[in-house]
Amino acid sequence: MTTAPDCPCADCTSTLHETILTWYDDHARDLPWRVPGATGWAVLVSEIMLQQTPVVRVEPAWRAWMHRWPTPADLAAASPAEVLRAWDRLGYPRRALRLREAARTIVAEHGGVVPADEAALRALPGIGAYTAAAVAAFAYGRRTVVLDTNVRRVLGRLVSGMALPPPSQRRAESETAAAMLPEEPERSARWNVAVMELGALVCTARSPQCGQCPVATHCRWRAAEYPADEFATARRTQAWHGTDRQARGRVLAALRTQEELGTHEVGDLWPDAGQLQRVLAGLCLDRLIAAETDLDGVVTGYRLPQE
DNA sequence: AAAGCGGGGCA
DNA sequence: TGCCCAGCTTT
């Protein structure tokens, strides 16, 4: 059980709603997937790209993507190789393949229209709890809890008084978010994006701009004089240099710019031959690359999957 | 619950 | 260098 900041009464919650929604009206970024006529597909593509990739890098990629594949049916007709090249360096290229698969399912099972139902969205590949809620809310005005890293941080500070939310999402967080959600659907959808935007622009992870925050006077973290992150020791940053992830990225980057990579050329990409073989096998398993073989079944090289 | 999965930019 | 970014899937 949780409450709104200050007190659980309807007046305080309503004040908070009004304050943040008004702030959003004045400060929202002008993003192409937020225009009034944005389709479910436009929103879905943006949400998949925004899974762990910042807005500034997504925006140009989204424009190019939507120009090339304006509907799910358009993407469903594309090859994996085309899709992976268009994904370029957004990171986590499996998202590109899953988006293509989602498009194929949307065509096959939903008449080519991105579904509005959260459960139907959740059943699509690459769409988890967050993305399903985001598409339902932002594309179709549904009333649902949208809980991303920004909302978790804003509510964690504002309501729970913590510097940063726990490493993994907890039930109490979604209960808090649910308790804060405006009743009217369209208003709830705007509330979700408004809180998210506040987290992205003002209540940032590194250096929050409390001087610019419309609800600073309601913030429990601020009221408690900014206690330190209690989960700091539990957060561990993953290594990068020399990892499989780096090796995978190097292979994909090479195949985005050349049609085929001979076994000799592949070997030049990475110093550890044994690790490289494991990485190539993993990439094949993930359908991110395909091995080319001669008549005897000996691997001669690798390509991006043509289908 | 934890691990694996990219890549870039900034303090 | 460490940390963060509109997370999802698999074990």
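Below, read A as the first sequence line, B as the second, and so on, with proteins coming before strands; counting in each chain starts at 1.
For the residue pair A:Thr71/A:Asp74, the side-chain donor-acceptor check at 3.5 Å is satisfied. No hydrogens or angles considered: a donor-acceptor pair under 3.5 Å links the side chains of A:Thr131 and A:Gln51. Looking only at atom types and distance, the side chain of A:Arg157 has no donor-acceptor partner in the side chain of A:Tyr226 under 3.5 Å away. If you check the side chains of A:Thr144 and A:Glu118, you find a donor sitting under 3.5 Å from an acceptor.
Note on A:Glu18 versus A:Arg187: salt bridge recorded, some NZ/NE/NH1/NH2 to OD/OE distance being below 4.0 Å. For the pair A:Glu101 and A:Arg95, the salt-bridge criterion is not met [side-chain N within less than 4.0 Å of a carboxylate O]. A salt bridge is defined here as a Lys NZ or Arg NE, NH1 or NH2 lying under 4.0 Å from an Asp or Glu carboxylate O, and A:Arg143 with A:Glu186 fails to meet this definition. In this structure, A:Asp117 does not pair ionically with A:Arg122, as no charged nitrogen and carboxylate oxygen lie closer than 4.0 Å.
Atom CG in A:Asp148 sits roughly 13 Å away from atom C1' in C:dC4 (whole-Å rounding). In this structure, A:Trp33 places its CH2 atom 9 Å from C1' of C:dA6, rounding to the nearest Å.
Going from the P atom of B:dG6 to that of C:dT11 covers 16 Å, rounded to whole Å. Comparing the P positions of C:dA6 and B:dC10 gives an interatomic distance of 14 Å, to the nearest angstrom.
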Pick out the pairs of N or O atoms, protein on one side and nucleotides 9-11 of chain C on the other, that lie under 3.5 Å.
from	atom 1	to	atom 2	distance (Å)
C:dT9	OP1	A:Gly126	N	2.7

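Within 4.0 Å (heavy atoms only), A:Val56 reaches no atom of the nucleic acid at all. Nucleic acid contact for A:Arg153: sugar-phosphate only, since backbone atoms but no base atoms lie under 4.0 Å from a heavy atom of the residue.
For A:Arg220 (side chain) and A:Val159 (main-chain N/O), a donor-acceptor pair under 3.5 Å exists by modelled atom type. With hydrogens and angles ignored, the 3.5 Å screen pairs a side-chain donor or acceptor of A:Arg153 with a backbone N or O of A:Cys203.
Dashed line: the shortest gap from a side-chain N or O of A:Arg94 to OP1 or OP2 of B:dG4 is not under 4.0 Å. A sub-4.0 Å separation between OP1 or OP2 of C:dC4 and a side-chain N or O of A:Thr237 is absent. At least one side-chain nitrogen or oxygen of A:Gln52 sits closer than 4.0 Å to the OP1 or OP2 atom of C:dG7.
Between A:Gln169 and A:Arg245, the one whose closest nucleotide on DNA chain B sits nearer the 5' end is A:Gln169. Residues A:Leu283 and A:Ser168 both approach DNA chain B. Their nearest nucleotides, taken by heavy-atom distance, put A:Ser168 toward the 5′ side. For A:Ala132 and A:Leu164, each mapped to the nucleotide of DNA chain C holding its nearest heavy atom, the one lying further toward the 5' end belongs to A:Leu164.
For A:Glu173, the side-chain contact (heavy atoms from CB on, under 4.5 Å) test picks out A:Leu147, A:Arg152, A:Pro165, A:Pro166, A:Gln169, A:Arg170, with sequence neighbours left out.
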> Between A:Asn150 and A:Thr204, is a side chain to side chain contact (heavy atoms under 4.5 Å, CB included) present by the stated rule, with each step listed?
Replying inline: CA-CA 8 Å; A:Asn150 289 301; A:Thr204 59; over 6 Å; no

>> As a quick check of understanding, evaluate salt bridge (Lys or Arg N to Asp or Glu O under 4.0 Å) for A:Arg34 and A:Glu197, giving each step before the final call.
In response: CA-CA 12 Å; A:Arg34 282 186 187 161; A:Glu197 193 77 338; 2.7 Å; yes

>> Walk me through whether A:Arg98 and A:Tyr92 qualify under side-chain hydrogen bond (donor to acceptor under 3.5 Å, both in side chains).
In response: CA-CA 11 Å; A:Arg98 288 177 183 147; A:Tyr92 295 120; over 6 Å; no

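Distances from the side chain of A:Thr53 to the nucleotides C:dA6, B:dG6, C:dC5 place B:dG6 closest. Among the nucleotides C:dA6, B:dC5, B:dG8, the one closest to any side-chain atom of A:Arg248 is B:dC5.
Within residues 58-70 of chain A, no residue places a heavy atom under 4.0 Å from DNA chain B. Applying a 4.0 Å cut-off to non-hydrogen atoms, the residues of residues 188-216 of chain A that approach DNA chain C are A:Met196, A:Ala205, A:Arg206, listed by residue number. Interface residues of residues 271-280 of chain A facing DNA chain C, ordered by number: none; criterion, heavy-atom separation under 4.0 Å. Listed by residue number, the members of residues 83-93 of chain A with any heavy atom below 4.0 angstrom from DNA chain B are A:Arg89, A:Leu90, A:Gly91, A:Tyr92, A:Pro93.
Environment of CZ in A:Arg29: crowded, with over 12 heavy atoms of neighbouring residues, nucleotides or ligands closer than 6.0 Å.
In this structure, A:Val114 and A:Tyr140 have side chains that are in contact, with non-hydrogen atoms separated by less than 4.5 Å.
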